[in-house]
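Just follow the structure's listing: the first ligand is 1, and inside any ligand the first atom is 1. Everything numeric in this text was worked out from a predicted model, so none of it was measured.
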Amino acid sequence: MIVLLVERIRFFDTTLRDGEQTPGVSLSPDKKLKIATKLSDIGVHVIEVGSAAASEGERQSIRIIADAGLPAEICTYVRAVRQDIDYAADFGADSVHLVVPVSDLHIEKKLRKTREEIARMAVEAVEYAKSRGLLVELSGEDASRADQSFVRQVFSTGVEAGADRLCFCDTVGFLTPERTREIIPPLRFAPLSIHCHDDFGFALANTVTALLAGASCAHATVNGLGERAGNTPFEELVLNLEVLYGINTGIKKEEIYSLATLVSRLTGVPLPTNKAIVGEMAFTHESGVHAHGVLRDASTYEPIRPEIVGRKRRIMLGKHSGSASIAAALAEREYHASETQLKEIVRRIKEIGDEGKRVTDADLLAIADTVLNLECKPVLSLNQFTVVSGSNVIPTASVILKVKGQEITGASTGTGPVDAAIEALRKSVADVADIRLEEYHVDAITGGTDALVEVTVKLSKDGEIITSRGARTDIIMASVEAVIAGINRLLREKE
Ligand code: KIV
Ligand code: ZN
(Lines give C-alpha, C1' and ligand atoms only; values in the text may rest on other atoms or scores of the structure.)
(Ligands and ions follow the chains in the order given, each with its own letter.)
Protein backbone atom coordinates (compact mmCIF):
# COMPACT_ATOMS: atom_id res chain seq x y z
CA MET A 1 0.00 0.00 0.00
CA ILE A 2 1.24 3.49 -0.87
CA VAL A 3 1.27 6.04 1.93
CA LEU A 4 1.65 9.59 0.79
CA LEU A 5 3.26 12.12 3.06
CA VAL A 6 0.72 14.70 1.97
CA GLU A 7 -3.06 14.48 2.11
CA ARG A 8 -3.61 15.30 -1.54
CA ILE A 9 -1.26 15.76 -4.46
CA ARG A 10 -1.47 19.13 -6.15
CA PHE A 11 -1.01 19.72 -9.86
CA PHE A 12 0.85 22.74 -11.16
CA ASP A 13 0.28 22.96 -14.89
CA THR A 14 2.94 24.67 -16.95
CA THR A 15 1.56 23.98 -20.45
CA LEU A 16 1.12 27.71 -21.02
CA ARG A 17 4.69 28.55 -19.95
CA ASP A 18 7.13 25.61 -20.30
CA GLY A 19 4.80 23.92 -22.80
CA GLU A 20 4.73 27.09 -24.86
CA GLN A 21 8.53 26.96 -24.90
CA THR A 22 8.20 23.93 -27.22
CA PRO A 23 10.00 25.11 -30.36
CA GLY A 24 7.46 26.58 -32.78
CA VAL A 25 4.61 26.98 -30.30
CA SER A 26 3.11 30.38 -29.61
CA LEU A 27 -0.31 30.92 -28.08
CA SER A 28 -2.42 34.05 -28.32
CA PRO A 29 -4.18 35.30 -25.15
CA ASP A 30 -7.58 33.92 -26.25
CA LYS A 31 -6.10 30.48 -26.93
CA LYS A 32 -4.41 30.57 -23.54
CA LEU A 33 -7.73 31.44 -21.93
CA LYS A 34 -9.41 28.45 -23.59
CA ILE A 35 -6.73 26.08 -22.33
CA ALA A 36 -6.63 27.64 -18.86
CA THR A 37 -10.41 27.33 -18.53
CA LYS A 38 -10.26 23.65 -19.43
CA LEU A 39 -7.33 23.05 -17.05
CA SER A 40 -9.19 24.70 -14.22
CA ASP A 41 -12.38 22.73 -14.98
CA ILE A 42 -10.52 19.44 -14.99
CA GLY A 43 -9.20 20.14 -11.49
CA VAL A 44 -5.66 21.49 -11.87
CA HIS A 45 -4.70 23.55 -8.81
CA VAL A 46 -2.17 26.03 -10.22
CA ILE A 47 -1.88 27.29 -13.80
CA GLU A 48 1.35 28.96 -14.85
CA VAL A 49 -0.01 31.13 -17.63
CA GLY A 50 3.26 32.45 -19.03
CA SER A 51 6.19 34.67 -18.33
CA ALA A 52 5.24 38.19 -17.25
CA ALA A 53 8.45 39.75 -18.55
CA ALA A 54 8.36 38.10 -21.98
CA SER A 55 5.97 40.37 -23.89
CA GLU A 56 2.91 42.58 -23.78
CA GLY A 57 0.85 39.64 -25.14
CA GLU A 58 1.97 37.52 -22.19
CA ARG A 59 0.90 40.21 -19.76
CA GLN A 60 -2.47 40.47 -21.52
CA SER A 61 -2.85 36.72 -21.11
CA ILE A 62 -2.25 37.04 -17.38
CA ARG A 63 -4.82 39.84 -17.18
CA ILE A 64 -7.48 38.00 -19.21
CA ILE A 65 -7.04 34.70 -17.40
CA ALA A 66 -6.88 36.34 -13.96
CA ASP A 67 -10.08 38.26 -14.76
CA ALA A 68 -11.87 35.07 -15.83
CA GLY A 69 -12.38 34.15 -12.17
CA LEU A 70 -11.29 30.53 -12.58
CA PRO A 71 -11.08 28.46 -9.39
CA ALA A 72 -7.43 27.55 -10.13
CA GLU A 73 -4.58 29.69 -8.80
CA ILE A 74 -3.15 31.86 -11.60
CA CYS A 75 0.62 31.97 -11.52
CA THR A 76 3.31 33.51 -13.68
CA TYR A 77 7.00 32.84 -14.11
CA VAL A 78 9.29 35.60 -12.87
CA ARG A 79 13.02 36.07 -12.43
CA ALA A 80 14.45 37.59 -9.23
CA VAL A 81 13.82 40.98 -10.79
CA ARG A 82 11.51 43.66 -9.35
CA GLN A 83 10.08 44.60 -12.76
CA ASP A 84 8.97 40.97 -13.37
CA ILE A 85 7.32 40.83 -9.95
CA ASP A 86 5.60 44.16 -10.54
CA TYR A 87 4.19 42.90 -13.84
CA ALA A 88 2.84 39.79 -12.08
CA ALA A 89 1.13 41.85 -9.38
CA ASP A 90 -0.09 44.62 -11.70
CA PHE A 91 -1.63 42.21 -14.21
CA GLY A 92 -3.55 40.29 -11.57
CA ALA A 93 -1.64 37.02 -10.96
CA ASP A 94 -2.29 35.23 -7.66
CA SER A 95 1.21 33.85 -7.40
CA VAL A 96 4.70 33.90 -8.87
CA HIS A 97 6.93 31.04 -9.89
CA LEU A 98 10.12 32.77 -8.82
CA VAL A 99 13.07 31.04 -10.44
CA VAL A 100 16.73 31.34 -9.44
CA PRO A 101 19.51 29.17 -10.82
CA VAL A 102 21.21 27.04 -8.19
CA SER A 103 23.86 25.04 -10.08
CA ASP A 104 27.34 26.56 -10.34
CA LEU A 105 27.12 25.99 -14.07
CA HIS A 106 24.10 28.27 -14.38
CA ILE A 107 25.23 30.74 -11.71
CA GLU A 108 28.71 31.26 -13.13
CA LYS A 109 28.34 30.61 -16.85
CA LYS A 110 24.86 31.95 -17.48
CA LEU A 111 24.57 34.78 -14.95
CA ARG A 112 28.25 35.40 -14.16
CA LYS A 113 27.41 35.69 -10.48
CA THR A 114 28.39 33.98 -7.23
CA ARG A 115 26.38 31.68 -4.98
CA GLU A 116 26.21 34.43 -2.35
CA GLU A 117 24.74 36.88 -4.83
CA ILE A 118 22.12 34.35 -5.93
CA ALA A 119 21.13 33.51 -2.36
CA ARG A 120 20.74 37.23 -1.61
CA MET A 121 18.78 37.91 -4.80
CA ALA A 122 16.41 35.06 -3.94
CA VAL A 123 15.71 36.40 -0.46
CA GLU A 124 15.17 39.96 -1.69
CA ALA A 125 12.88 38.85 -4.50
CA VAL A 126 10.79 36.68 -2.16
CA GLU A 127 10.43 39.58 0.28
CA TYR A 128 9.46 41.95 -2.52
CA ALA A 129 6.91 39.54 -4.02
CA LYS A 130 5.35 39.03 -0.58
CA SER A 131 5.19 42.81 -0.12
CA ARG A 132 3.21 42.93 -3.40
CA GLY A 133 0.70 40.48 -1.97
CA LEU A 134 1.73 37.48 -4.09
CA LEU A 135 2.00 33.84 -3.16
CA VAL A 136 5.55 32.69 -3.87
CA GLU A 137 6.78 29.36 -5.21
CA LEU A 138 10.57 29.60 -5.11
CA SER A 139 12.22 27.39 -7.73
CA GLY A 140 15.81 26.21 -7.89
CA GLU A 141 16.71 25.96 -11.57
CA ASP A 142 19.07 23.12 -12.56
CA ALA A 143 18.81 21.87 -8.98
CA SER A 144 19.60 18.28 -9.98
CA ARG A 145 23.10 19.30 -11.12
CA ALA A 146 23.67 21.64 -8.17
CA ASP A 147 25.53 21.21 -4.91
CA GLN A 148 22.65 20.02 -2.73
CA SER A 149 23.91 21.89 0.32
CA PHE A 150 23.50 25.12 -1.68
CA VAL A 151 20.01 24.10 -2.78
CA ARG A 152 19.11 23.57 0.89
CA GLN A 153 20.59 26.95 1.79
CA VAL A 154 18.59 28.80 -0.90
CA PHE A 155 15.41 26.96 0.03
CA SER A 156 15.70 27.45 3.79
CA THR A 157 16.57 31.15 3.59
CA GLY A 158 13.83 31.58 0.97
CA VAL A 159 11.25 30.10 3.31
CA GLU A 160 12.50 32.31 6.17
CA ALA A 161 12.00 35.30 3.83
CA GLY A 162 8.39 34.26 3.27
CA ALA A 163 8.32 31.79 0.34
CA ASP A 164 5.11 29.76 0.55
CA ARG A 165 6.31 26.83 -1.52
CA LEU A 166 9.50 25.49 -3.07
CA CYS A 167 10.24 23.73 -6.34
CA PHE A 168 13.07 21.42 -7.33
CA CYS A 169 13.83 21.69 -11.06
CA ASP A 170 15.43 18.86 -12.98
CA THR A 171 16.06 21.30 -15.79
CA VAL A 172 17.82 18.96 -18.23
CA GLY A 173 16.25 15.67 -17.13
CA PHE A 174 19.32 14.48 -15.24
CA LEU A 175 17.59 12.74 -12.33
CA THR A 176 17.05 9.04 -11.96
CA PRO A 177 14.32 7.60 -9.73
CA GLU A 178 17.00 6.38 -7.25
CA ARG A 179 18.60 9.82 -6.97
CA THR A 180 15.18 11.47 -6.70
CA ARG A 181 14.32 9.28 -3.72
CA GLU A 182 17.47 10.52 -1.91
CA ILE A 183 17.29 14.16 -2.87
CA ILE A 184 13.69 15.05 -2.03
CA PRO A 185 13.27 14.33 1.73
CA PRO A 186 15.88 16.84 3.03
CA LEU A 187 14.30 19.67 1.04
CA ARG A 188 10.89 19.80 2.65
CA PHE A 189 11.28 23.19 4.35
CA ALA A 190 7.88 24.05 2.89
CA PRO A 191 5.43 22.32 0.52
CA LEU A 192 7.69 21.10 -2.27
CA SER A 193 7.01 20.82 -6.02
CA ILE A 194 8.89 18.69 -8.50
CA HIS A 195 9.54 19.93 -12.05
CA CYS A 196 10.97 17.33 -14.43
CA HIS A 197 12.11 17.23 -18.03
CA ASP A 198 12.09 14.18 -20.23
CA ASP A 199 15.50 14.33 -21.88
CA PHE A 200 16.22 10.71 -20.89
CA GLY A 201 12.61 9.53 -20.79
CA PHE A 202 12.49 9.58 -16.97
CA ALA A 203 10.33 12.65 -16.34
CA LEU A 204 7.24 10.68 -15.35
CA ALA A 205 9.15 8.12 -13.25
CA ASN A 206 11.09 10.86 -11.45
CA THR A 207 7.94 12.88 -10.79
CA VAL A 208 6.11 9.92 -9.32
CA THR A 209 9.14 8.98 -7.22
CA ALA A 210 9.41 12.55 -5.89
CA LEU A 211 5.74 12.53 -4.92
CA LEU A 212 6.15 9.23 -3.09
CA ALA A 213 9.25 10.63 -1.39
CA GLY A 214 7.41 13.64 0.03
CA ALA A 215 6.96 16.24 -2.70
CA SER A 216 3.40 17.53 -2.55
CA CYS A 217 2.97 19.06 -5.99
CA ALA A 218 3.82 17.94 -9.51
CA HIS A 219 4.62 20.28 -12.35
CA ALA A 220 3.35 18.86 -15.62
CA THR A 221 2.26 19.84 -19.11
CA VAL A 222 -0.56 18.51 -21.24
CA ASN A 223 0.75 15.99 -23.80
CA GLY A 224 4.23 16.41 -22.27
CA LEU A 225 4.89 19.60 -24.23
CA GLY A 226 7.92 21.63 -23.16
CA GLU A 227 11.51 22.55 -23.85
CA ARG A 228 13.42 19.96 -25.90
CA ALA A 229 12.01 16.52 -25.06
CA GLY A 230 9.29 18.13 -22.97
CA ASN A 231 8.01 17.93 -19.41
CA THR A 232 6.15 15.33 -17.39
CA PRO A 233 2.92 14.59 -19.30
CA PHE A 234 -0.08 15.51 -17.18
CA GLU A 235 -2.38 12.81 -18.57
CA GLU A 236 0.14 10.02 -17.99
CA LEU A 237 0.92 11.27 -14.50
CA VAL A 238 -2.73 11.32 -13.44
CA LEU A 239 -3.46 7.82 -14.74
CA ASN A 240 -0.21 6.48 -13.36
CA LEU A 241 -1.02 7.75 -9.88
CA GLU A 242 -4.64 6.63 -10.00
CA VAL A 243 -4.33 3.22 -11.62
CA LEU A 244 -0.88 2.00 -10.66
CA TYR A 245 -0.61 3.59 -7.20
CA GLY A 246 -4.27 3.78 -6.22
CA ILE A 247 -4.06 7.50 -5.42
CA ASN A 248 -7.19 9.57 -5.87
CA THR A 249 -6.03 12.70 -7.68
CA GLY A 250 -9.38 14.45 -7.80
CA ILE A 251 -8.79 15.17 -11.50
CA LYS A 252 -11.79 14.70 -13.84
CA LYS A 253 -10.22 11.91 -15.83
CA GLU A 254 -13.07 11.65 -18.32
CA GLU A 255 -12.05 15.10 -19.60
CA ILE A 256 -8.44 14.12 -20.21
CA TYR A 257 -8.79 13.23 -23.88
CA SER A 258 -10.69 16.38 -24.77
CA LEU A 259 -8.03 18.42 -22.93
CA ALA A 260 -5.27 16.65 -24.88
CA THR A 261 -6.94 17.22 -28.23
CA LEU A 262 -7.73 20.85 -27.40
CA VAL A 263 -4.08 21.53 -26.58
CA SER A 264 -2.89 19.65 -29.65
CA ARG A 265 -5.24 21.65 -31.86
CA LEU A 266 -4.41 25.05 -30.38
CA THR A 267 -0.65 24.52 -30.22
CA GLY A 268 -0.47 22.78 -33.59
CA VAL A 269 1.61 19.95 -32.07
CA PRO A 270 0.11 16.64 -33.18
CA LEU A 271 -0.31 13.80 -30.70
CA PRO A 272 2.06 10.94 -31.49
CA THR A 273 -0.19 8.07 -32.58
CA ASN A 274 1.30 5.64 -30.06
CA LYS A 275 1.33 8.07 -27.12
CA ALA A 276 0.17 6.60 -23.82
CA ILE A 277 -3.44 7.43 -22.85
CA VAL A 278 -4.13 10.03 -25.55
CA GLY A 279 -2.45 8.74 -28.73
CA GLU A 280 -4.71 7.53 -31.54
CA MET A 281 -3.57 3.94 -31.09
CA ALA A 282 -3.73 3.83 -27.27
CA PHE A 283 -7.12 2.09 -27.38
CA THR A 284 -7.06 0.65 -30.89
CA HIS A 285 -6.72 -3.05 -31.61
CA GLU A 286 -6.06 -4.77 -34.89
CA SER A 287 -4.54 -8.18 -34.34
CA GLY A 288 -7.11 -10.97 -34.54
CA VAL A 289 -6.12 -12.47 -31.18
CA HIS A 290 -6.10 -9.14 -29.35
CA ALA A 291 -9.28 -7.83 -30.94
CA HIS A 292 -11.07 -11.11 -30.28
CA GLY A 293 -9.92 -11.08 -26.65
CA VAL A 294 -11.01 -7.48 -26.18
CA LEU A 295 -14.44 -8.18 -27.68
CA ARG A 296 -14.94 -10.99 -25.15
CA ASP A 297 -13.49 -9.12 -22.18
CA ALA A 298 -11.84 -5.75 -22.69
CA SER A 299 -9.48 -6.18 -19.75
CA THR A 300 -7.61 -8.94 -21.61
CA TYR A 301 -5.67 -6.39 -23.62
CA GLU A 302 -6.63 -3.04 -22.10
CA PRO A 303 -5.17 -1.82 -18.80
CA ILE A 304 -8.05 0.63 -18.35
CA ARG A 305 -11.37 1.17 -20.06
CA PRO A 306 -11.06 3.94 -22.67
CA GLU A 307 -14.21 5.64 -21.30
CA ILE A 308 -12.27 6.45 -18.11
CA VAL A 309 -10.34 9.10 -20.04
CA GLY A 310 -13.23 10.05 -22.30
CA ARG A 311 -12.27 7.83 -25.21
CA LYS A 312 -13.72 4.96 -27.21
CA ARG A 313 -12.20 1.64 -28.11
CA ARG A 314 -11.45 1.17 -31.81
CA ILE A 315 -11.02 -2.07 -33.60
CA MET A 316 -8.93 -1.34 -36.62
CA LEU A 317 -9.16 -3.67 -39.52
CA GLY A 318 -6.25 -5.02 -41.50
CA LYS A 319 -4.46 -8.21 -42.37
CA HIS A 320 -4.33 -9.21 -38.69
CA SER A 321 -8.09 -8.93 -38.24
CA GLY A 322 -10.15 -11.99 -37.62
CA SER A 323 -13.76 -12.52 -38.65
CA ALA A 324 -14.92 -11.86 -35.06
CA SER A 325 -13.66 -8.28 -35.10
CA ILE A 326 -14.90 -7.66 -38.62
CA ALA A 327 -18.33 -9.05 -37.72
CA ALA A 328 -18.36 -6.81 -34.61
CA ALA A 329 -17.36 -3.77 -36.64
CA LEU A 330 -20.14 -4.52 -39.13
CA ALA A 331 -22.72 -5.09 -36.40
CA GLU A 332 -21.77 -1.79 -34.79
CA ARG A 333 -22.69 -0.13 -38.07
CA GLU A 334 -25.88 -2.17 -38.35
CA TYR A 335 -24.68 -4.27 -41.27
CA HIS A 336 -25.91 -7.84 -41.17
CA ALA A 337 -23.76 -10.15 -43.25
CA SER A 338 -24.35 -13.84 -43.87
CA GLU A 339 -21.48 -16.24 -43.24
CA THR A 340 -20.53 -16.27 -46.92
CA GLN A 341 -20.72 -12.50 -47.14
CA LEU A 342 -18.60 -12.15 -44.02
CA LYS A 343 -15.99 -14.50 -45.48
CA GLU A 344 -15.80 -12.39 -48.62
CA ILE A 345 -15.52 -9.15 -46.62
CA VAL A 346 -12.72 -10.66 -44.48
CA ARG A 347 -10.94 -11.82 -47.63
CA ARG A 348 -11.08 -8.36 -49.19
CA ILE A 349 -9.91 -6.64 -46.01
CA LYS A 350 -6.93 -8.95 -45.66
CA GLU A 351 -6.14 -8.38 -49.31
CA ILE A 352 -5.91 -4.63 -48.68
CA GLY A 353 -3.86 -5.23 -45.50
CA ASP A 354 -1.47 -7.45 -47.44
CA GLU A 355 -0.88 -4.59 -49.82
CA GLY A 356 0.49 -2.71 -46.80
CA LYS A 357 -2.49 -0.40 -46.41
CA ARG A 358 -4.65 0.65 -43.51
CA VAL A 359 -8.30 -0.26 -43.67
CA THR A 360 -10.35 2.68 -42.53
CA ASP A 361 -14.00 2.77 -41.46
CA ALA A 362 -14.88 4.13 -44.88
CA ASP A 363 -13.09 1.20 -46.53
CA LEU A 364 -15.03 -1.27 -44.44
CA LEU A 365 -18.35 0.33 -45.32
CA ALA A 366 -17.50 0.50 -49.00
CA ILE A 367 -16.48 -3.16 -49.07
CA ALA A 368 -19.52 -4.22 -47.08
CA ASP A 369 -21.85 -2.24 -49.33
CA THR A 370 -20.36 -3.90 -52.34
CA VAL A 371 -20.36 -7.42 -50.98
CA LEU A 372 -23.85 -7.23 -49.50
CA ASN A 373 -25.18 -5.91 -52.77
CA LEU A 374 -23.48 -8.56 -54.87
CA GLU A 375 -24.62 -11.37 -52.70
CA CYS A 376 -28.36 -11.04 -53.34
CA LYS A 377 -28.74 -13.78 -55.98
CA PRO A 378 -27.21 -11.99 -58.95
CA VAL A 379 -29.11 -12.11 -62.22
CA LEU A 380 -25.87 -11.65 -64.08
CA SER A 381 -22.25 -12.26 -63.18
CA LEU A 382 -18.93 -11.45 -64.75
CA ASN A 383 -17.05 -14.36 -66.32
CA GLN A 384 -14.32 -12.53 -68.13
CA PHE A 385 -13.21 -8.99 -68.64
CA THR A 386 -10.46 -7.53 -70.81
CA VAL A 387 -9.49 -3.97 -71.42
CA VAL A 388 -6.84 -2.55 -73.71
CA SER A 389 -5.59 0.98 -73.32
CA GLY A 390 -2.41 2.99 -73.90
CA SER A 391 -0.92 5.66 -76.08
CA ASN A 392 -1.98 5.47 -79.74
CA VAL A 393 -4.55 2.79 -78.89
CA ILE A 394 -8.31 3.33 -78.79
CA PRO A 395 -9.42 2.10 -75.37
CA THR A 396 -11.41 -1.08 -75.94
CA ALA A 397 -13.13 -3.42 -73.49
CA SER A 398 -14.79 -6.79 -73.90
CA VAL A 399 -16.85 -8.72 -71.40
CA ILE A 400 -18.31 -12.17 -71.08
CA LEU A 401 -21.26 -12.25 -68.71
CA LYS A 402 -23.36 -15.09 -67.46
CA VAL A 403 -27.07 -14.32 -67.44
CA LYS A 404 -29.35 -17.07 -66.07
CA GLY A 405 -26.88 -19.78 -67.04
CA GLN A 406 -26.22 -18.39 -70.51
CA GLU A 407 -23.10 -16.60 -71.67
CA ILE A 408 -23.42 -13.29 -73.41
CA THR A 409 -20.62 -11.13 -74.73
CA GLY A 410 -20.20 -7.47 -75.41
CA ALA A 411 -17.45 -5.14 -76.53
CA SER A 412 -17.03 -1.43 -76.90
CA THR A 413 -14.54 1.34 -77.37
CA GLY A 414 -14.62 4.43 -75.17
CA THR A 415 -12.93 7.70 -74.34
CA GLY A 416 -10.87 5.85 -71.73
CA PRO A 417 -10.68 2.35 -70.26
CA VAL A 418 -13.44 3.03 -67.69
CA ASP A 419 -15.77 4.43 -70.32
CA ALA A 420 -15.05 1.47 -72.63
CA ALA A 421 -15.71 -1.03 -69.82
CA ILE A 422 -19.03 0.55 -68.83
CA GLU A 423 -20.14 0.76 -72.45
CA ALA A 424 -19.24 -2.91 -73.03
CA LEU A 425 -21.38 -3.91 -70.04
CA ARG A 426 -24.28 -1.75 -71.17
CA LYS A 427 -24.18 -3.14 -74.69
CA SER A 428 -23.96 -6.75 -73.56
CA VAL A 429 -27.31 -6.47 -71.75
CA ALA A 430 -28.93 -4.24 -74.37
CA ASP A 431 -31.15 -7.10 -75.57
CA VAL A 432 -32.56 -7.57 -72.07
CA ALA A 433 -32.76 -4.00 -70.84
CA ASP A 434 -31.92 -0.46 -71.80
CA ILE A 435 -29.56 0.54 -69.00
CA ARG A 436 -28.31 4.11 -68.92
CA LEU A 437 -25.46 5.59 -66.91
CA GLU A 438 -26.82 8.76 -65.30
CA GLU A 439 -23.93 9.63 -63.02
CA TYR A 440 -20.44 8.40 -62.28
CA HIS A 441 -18.44 9.39 -59.22
CA VAL A 442 -15.11 8.19 -57.84
CA ASP A 443 -13.56 8.69 -54.39
CA ALA A 444 -10.07 7.72 -53.28
CA ILE A 445 -10.86 6.44 -49.83
CA THR A 446 -7.32 6.16 -48.57
CA GLY A 447 -4.40 8.28 -49.78
CA GLY A 448 -1.84 7.23 -52.37
CA THR A 449 -1.91 5.93 -55.91
CA ASP A 450 -2.51 2.40 -54.66
CA ALA A 451 -5.47 3.52 -52.52
CA LEU A 452 -8.78 1.79 -52.33
CA VAL A 453 -11.19 3.64 -54.62
CA GLU A 454 -14.91 3.69 -54.32
CA VAL A 455 -16.91 4.15 -57.50
CA THR A 456 -20.54 5.23 -57.21
CA VAL A 457 -22.80 5.01 -60.26
CA LYS A 458 -26.37 6.05 -60.84
CA LEU A 459 -28.02 3.79 -63.41
CA SER A 460 -31.51 4.02 -64.83
CA LYS A 461 -33.87 1.72 -66.68
CA ASP A 462 -37.32 2.77 -67.87
CA GLY A 463 -37.18 5.88 -65.68
CA GLU A 464 -36.21 3.97 -62.56
CA ILE A 465 -32.93 5.16 -61.03
CA ILE A 466 -30.72 3.28 -58.59
CA THR A 467 -27.32 3.94 -57.03
CA SER A 468 -24.68 1.28 -56.57
CA ARG A 469 -21.04 1.09 -55.57
CA GLY A 470 -17.86 -0.80 -56.18
CA ALA A 471 -14.72 -0.66 -54.08
CA ARG A 472 -11.36 -1.93 -55.31
CA THR A 473 -7.81 -0.73 -55.50
CA ASP A 474 -8.21 -0.79 -59.31
CA ILE A 475 -10.50 1.94 -60.60
CA ILE A 476 -11.59 -0.04 -63.70
CA MET A 477 -12.54 -3.09 -61.64
CA ALA A 478 -14.34 -0.88 -59.11
CA SER A 479 -16.33 0.66 -61.97
CA VAL A 480 -17.20 -2.73 -63.47
CA GLU A 481 -18.24 -3.98 -60.04
CA ALA A 482 -20.45 -0.94 -59.44
CA VAL A 483 -22.17 -1.24 -62.81
CA ILE A 484 -22.76 -5.00 -62.50
CA ALA A 485 -24.19 -4.51 -59.01
CA GLY A 486 -26.47 -1.78 -60.35
CA ILE A 487 -27.63 -3.78 -63.39
CA ASN A 488 -28.36 -6.72 -61.11
CA ARG A 489 -30.53 -4.56 -58.93
CA LEU A 490 -32.43 -3.08 -61.86
CA LEU A 491 -32.99 -6.50 -63.42
CA ARG A 492 -33.91 -8.11 -60.11
CA GLU A 493 -36.39 -5.37 -59.38
CA LYS A 494 -38.02 -5.98 -62.75
CA GLU A 495 -38.32 -9.70 -62.01
O1 KIV B 1 13.11 23.46 -16.29
C2 KIV B 1 13.30 24.46 -15.62
O3 KIV B 1 14.27 24.61 -14.88
C4 KIV B 1 12.33 25.53 -15.75
C5 KIV B 1 12.53 26.69 -14.85
C6 KIV B 1 12.62 27.92 -15.64
C7 KIV B 1 11.48 26.70 -13.83
O8 KIV B 1 11.40 25.41 -16.49
ZN1 ZN C 1 11.17 23.44 -17.21
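No hydrogens or angles considered: a donor-acceptor pair under 3.5 Å links the side chains of E242 and T249.
Near D18, the atoms of ligand 1 lying under 4.0 angstrom from a non-hydrogen atom of the residue are 8 (O). Applying the 4.0 Å criterion to heavy atoms of C169 picks out, from ligand 1, the atoms 3 (O), 7 (C). The Y77 neighbourhood of ligand 1 comprises atoms 6 (C), with distances under 4.0 Å to a heavy atom of that residue. Residue E141 has at least one heavy-atom neighbour below 4.0 Å for each of these atoms of ligand 1: 3 (O). Atoms of ligand 1 found under 4.0 Å from any heavy atom of H97, numbered from 1 in the order shown, are 7 (C).
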Stepwise salt bridge (Lys or Arg N to Asp or Glu O under 4.0 Å) test for D41 and K252: CA-CA 8 Å; D41 286 351; K252 287 185 196 154; 5.7 Å; no
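Atoms OD2 of D18 and NE2 of H195, as seen from the Zn ion (ligand 2), are separated by an angle of 90°, to the nearest 10°.
No salt bridge links E137 with R10; every basic N to acidic carboxylate O contact stays at or beyond 4.0 Å. Ion pair D67/R63 flagged as a salt bridge, since at least one NZ, NE, NH1 or NH2 atom sits closer than 4.0 Å to an Asp/Glu carboxylate oxygen. Ion pairing between a basic and an acidic side chain is recognised when a charged N comes within 4.0 Å of a carboxylate O; E178 and R181 show no such pairing.
Of all N, O or S atoms in H197, the one lying closest to the Zn ion (ligand 2) is NE2.
Taking the ring axis of Y257 as reference, the NZ or CZ atom of R311 stays within 45° of it and closer than 6.0 Å to the ring centre.
Side-chain contact between F174 and D142 is absent, with no heavy atoms from C-beta onward closer than 4.5 Å.
In this structure, H219 falls outside the shell of residues with a heavy atom less than 4.0 angstrom from ligand 1.
The shortest N/O to N/O separation between S139 and ligand 1 does not fall below 3.5 Å. In terms of polar-atom proximity, H197 is counted as a contact of ligand 1, with an N or O under 3.5 Å from an N or O of the ligand.
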